[in-house]
Amino acid sequence: MAQVISISQIADYVGQEVIVRGWVYDRTDKGKLQFIQVRDGSGIVQCVAYKPDLDEAVFEQASKLTQESSLIVTGIVKVNEKAKKSVPAGFEIGLQNLEVIQVAGEYPITPKEHGTEFLMDNRHLWLRSLRQWAILRIRATLARALTDWLDDRGYLRVDTPILTPAAGEETTTLFEIDYFGESAYLAQTGQLYNEANMMAFGKVYTFSPSFRAEKSKTRRHLMEFWHLEPEAAFMSLEEMMELEEQLLAYAVGRVLEKHQYELAIIERDLSKLESIKAPFARISYDDAVERLKAIAAQTDDPEQKKLLEIEWGSDFGSPHETALAEQFDRPVFVYHYPSAIKAFYMQPVAGRPEVCRSVDLLAPEGYGEITGGSERIHDPALIDARIDTIGIAREAYAWYLDLRKYGTVPHAGFGLGLERTLTWICGLPHVREAIPYARMLNRKYP
RNA sequence: UCCACAGUAGCUCAACGGCAGAGCAACCGGCUGUUAACCGGUGGGUUCCAGGUUCGAAUCCUGGCUGUGGAGCCA
């Protein structure tokens with residue numbers, strides 16, 4: 001009796017009769033000869049139906065198959081270098097029998113080109129396409145690699161709430177919802193809760209969606225994104241940078257190791273990933289501003305010159321991030337940003353309170369900021385004063401202030417945007433392809 | 001929120017003041033090695049919406065809607 005197999009394992013079954021259950025990815029009809037590409041989620045295999053070798057009814061059924069029809073095929077696995085569309089390539093199945101579950105109706109996503117809006121409207125179907133399949137498989141490995149690395153180093157995953165009573169950072173970017181007649185907000189970060197958890201468990205992280213109601217319409221923004229946020233007691237900014245570079249180098253290495261096939265499907269330049277090794281460069285904000293001024297001075301294009309204008313004290317825009325990152329072949333840390341442009345809980349630099357112990361990591365190739373973090377203020381009086389300065393509702397932060405009353409310690413943490421990191425690793429043109437169902441300014445369907 | 005561009009067949013686009021078209025998809029037929037197969041045939045339109053200019057508007061004008069790219073802001 002033939003065995004049901006996963007296409008990904010097909011190499012183990014050459015010469016054997018097997019059963020594959022899945023969907024028609026593509027089909028070519030040559031008259032007495034048909035090529036049917038069948039995918040099962042793990043891969044794609046070309047099934048060959050030759051009329052004289054088959055029961056007439058089976059051949060007839062095969063000739064009526066449409067794109068995405070569901071079916072169960074039985075046949076003999078063969079090696080054939082002409083099976084270029086198979087994933088893994090080079091294997092095909094000589095069709096013997098066929099059970100059609102459904103002949104699918106006219107499928108919207110044809111093998112021809114489509115526009116972004118159309119594909120996003122059909123995202124629930126687009127996921128079946130080879131390129132999207134490859135990207136989301138890499139996403140799963142990336143997420144797994146990041147959490148594995150932290151787990152292996154004693155970081156405890158402690159989940160933080162998504163429904164929260166107050167802002168994590170600033171009030172302007174919150175999704176407000178009705179909570180039995182009171183206001184609640186979707187979490188924009190798990191960070192404040194991480195600080196409480198860190199005091200209980202030492203080294204913690206949270207990995208969950210974060211929500212930003214920002215009216216941003218760029219290739220790097222999502223309203224809902226997956227946020228990995230480690231936080232550790234007694235960790236310094238310098239130790240955190242080492243952690244980040246090792247974490248990312250490991251994750252990129254895992255992707256390279258497991259996904260040669262997928263990276264080839266998305267045509268990623270592997271040399272760009274192979275160079276991602278610790279250590280990454282570290283430059284101060286002061287240095288970064290000087291570098292940007294120098295880059296701007298050397299630029300002939302007046303438009304670019306204007307975009308690159310910068311004064312000490314301003315935050316970087318994406319043209320700045322891109323220009324800085326272009327100077328390096330791997331991500332680059334920028335540390336000690338002005339306190340005024342960073343969150344209220346960031347620790348001032350000793351003797352230089354106008355800058356803080358913060359660090360952002362900028363990805364190469366113009367992919368921008370993929371992590372942001374800092375040492376947190378641990379002095380009770382200072383954090384108290386900061387909460388007053390920014391004028392947020394003090395009662396909502398009573399529990400947070402408690403953390404500084406009962407055994408406060410120096411600590412640090414950062415947040416990593418999974419989709420931005422994946423967009424960079426995969427070399428994608430837009431973050432919307434890095435998440436199964438992107439939530440964007442103009443899109444919440446499907 | 002600002003700037004730029006776009007919206008025509010299921011999809012990708014052409015026609016740019018004078019009969020609304022092509023390729024793909026669908027359907028019918030042909031073909032034994034296809035790789036976005038190929039060849040022949042058939043069907044398919046509220047030209048985003050509302051107003052205006054004109055003998056005549058997909059085309060020009062005004063307003064709106066939707067989307068795309070970029071900026072700001074951020075991971």
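Reminder, nothing fancy here: chain letters follow the sequence lines and each chain counts from 1.
Under the 30°/60° scheme for interplanar angles, the aromatic rings of A:Tyr400 and A:Tyr397 are found to stand perpendicular. The aromatic rings of A:Tyr285 and A:Tyr337 sit tilted, their planes meeting at an angle between 30° and 60°.
Residues passing the side-chain hydrogen bond (donor to acceptor under 3.5 Å, both in side chains) test with A:Thr322: none are found, sequence neighbours excluded.
Not less than 6.0 angstrom separates the ring centroid of A:Tyr261 from the ring centroid of A:His259. Taking the six-membered ring for Trp and the full ring otherwise, the centers of A:Tyr13 and A:Phe91 sit at least 6.0 Å from each other.
Partner assigned to B:rU66 is B:rA6, using Watson-Crick or G-U wobble distances below 3.5 angstrom. Using N1 to N3 plus N6-O4 or O6-N4 for Watson-Crick, or N1-O2 and O6-N3 for G-U wobble, each under 3.5 Å, B:rG21 pairs with B:rC13. Pair check for B:rA26 finds B:rU42; Watson-Crick or G-U wobble, both atom distances under 3.5 Å. Both distances falling under 3.5 Å, in either a Watson-Crick or a G-U wobble arrangement, occur for no nucleotide opposite B:rC74. Within the shown strands, nothing qualifies as a pairing partner of B:rU54 under the Watson-Crick or G-U definition with both distances less than 3.5 Å.
Side-chain polar atoms of A:Ser183 and A:Glu176 form a donor-acceptor pair below 3.5 angstrom.
Residues from residues 35-45 of chain A with heavy atoms under 4.0 angstrom of RNA chain B, sorted by number: A:Phe35. Contacts with RNA chain B (heavy atom under 4.0 Å) in residues 430-446 of chain A: A:His430, A:Arg432, A:Asn442, listed by number. A heavy atom closer than 4.0 Å to some atom of RNA chain B occurs in A:Asp315, A:Gly317, A:Ser318, A:Pro319, A:Glu321, these being the qualifying members of residues 315-334 of chain A.
Side chain of A:Glu369, nearest nucleotide from B:rC73, B:rU12, B:rA75: B:rA75. When distances are taken from the side chain of A:Lys82 to each of B:rA75, B:rU35, B:rG69, the shortest belongs to B:rU35. Closest to the side chain of A:Leu307, from the set B:rA75, B:rA71, B:rC11, is B:rA71. Side chain of A:Thr116, nearest nucleotide from B:rA36, B:rC74, B:rU68: B:rU68.
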Give each protein N/O atom lying under 3.5 Å from an N/O atom of nucleotides 26-31 of chain B, with the pair distance.
{"residue": "B:rC31", "atom": "N4", "partner": "A:Gly31", "partner atom": "N", "Å": "3.3"}

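Going from the C1' atom of B:rC24 to that of B:rU42 covers 16 Å, rounded to whole Å.
Sorted by first and then second residue, the salt bridge (charged side-chain N to carboxylate O under 4.0 Å, His left out) pairs with a member in residues 420-446 of chain A read A:Asp121-A:Arg443, A:Arg131-A:Glu433; sequence neighbours excluded.
Here the shortest heavy-atom pairing between A:Leu125 and A:Tyr107 reads O-OH, 3.1 Å.
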